[in-house]
Amino acid sequence: MLVLTRKLAEGIRIGDEILVKVIRTGKGSIKIGIDAPDHFRVVRGELFDEEQDEESQPVMKGRKEHRDCDGLPDSASLGMLSVVEAARLVC
């Protein structure tokens, strides 16, 4: 794992197509923006882990709507968001 230190508004490039940028810092958390082409799937780690758990369990009828810390429905309840849509929610 590569570990880097970044300040507010500084970014990290991954290849030629992906930019990860520090948008805001706060007490115990940071907000990052990810700029990548639409064909890249970008999802929070806990949602990815949850998806993996759901795939290994039987399909259940109904769907709980999850909300993030800003009160917005997360990608699990909306379906997958494109990187552009996700970036708009972050900014």
Side-chain angles (χ1 to χ4, degrees):
M1 174 186 296
L2 175 63
V3 178
L4 300 171
T5 301
R6 299 281 74 199
K7 294 178 183 176
L8 188 62
E10 291 182 338
I12 299 166
R13 283 231 167 250
I14 301 173
D16 295 330
E17 299 182 291
I18 301 172
L19 172 66
V20 179
K21 190 173 183 180
V22 178
I23 304 296
R24 184 177 6 165
T25 60
K27 292 183 180 179
S29 69
I30 63 167
K31 184 176 269 193
I32 60 171
I34 301 168
D35 186 13
D38 286 341
H39 65 273
F40 280 94
R41 180 172 177 242
V42 178
V43 64
R44 296 188 319 248
E46 65 275 12
L47 293 179
F48 181 80
D49 294 340
E50 191 175 288
E51 288 173 3
Q52 298 302 311
D53 292 341
E54 287 175 5
E55 287 177 8
S56 65
Q57 296 176 3
V59 176
M60 297 171 62
K61 291 184 179 180
R63 180 180 229 156
K64 289 191 267 182
E65 185 174 277
H66 299 279
R67 297 203 169 256
D68 66 11
C69 60
D70 294 323
L72 298 170
D74 67 23
S75 62
S77 60
L78 291 174
M80 292 308 295
L81 297 175
S82 71
V83 172
V84 173
E85 293 167 324
R88 285 186 186 128
L89 289 175
V90 170
C91 296

Checklist line | Cluster overlap Val42 with Ile18, hydrophobic side-chain contacts below 4.5 Å | finding: yes

Note to self: Which Ile, Leu, Val, Met, Phe, Trp or Tyr residues join Val3 in one cluster when any pair of side-chain heavy atoms under 4.5 Å counts as a link?
What the structure shows: Met1

Search all heavy atoms of [X] against all heavy atoms of [Y] and return the closest pair with its distance.
X     : Y     : result
Ile32 : Ile23 : C-CG1, 3.7 Å
Ala9  : Lys21 : O-CE, 3.1 Å
Leu19 : Arg13 : CB-NH1, 4.0 Å

Notebook entry, point to check: Taking only residues two or more places apart in sequence, or in another chain, which ones meet Glu10 in a salt bridge (charged side-chain N to carboxylate O under 4.0 Å, His left out)?
Noted result: Arg6

Next item on the list: Only counting residues at least two apart or in another chain, list the ones meeting side-chain contact (heavy atoms from CB on, under 4.5 Å) with Leu4.
Entry: Leu2, Ile12

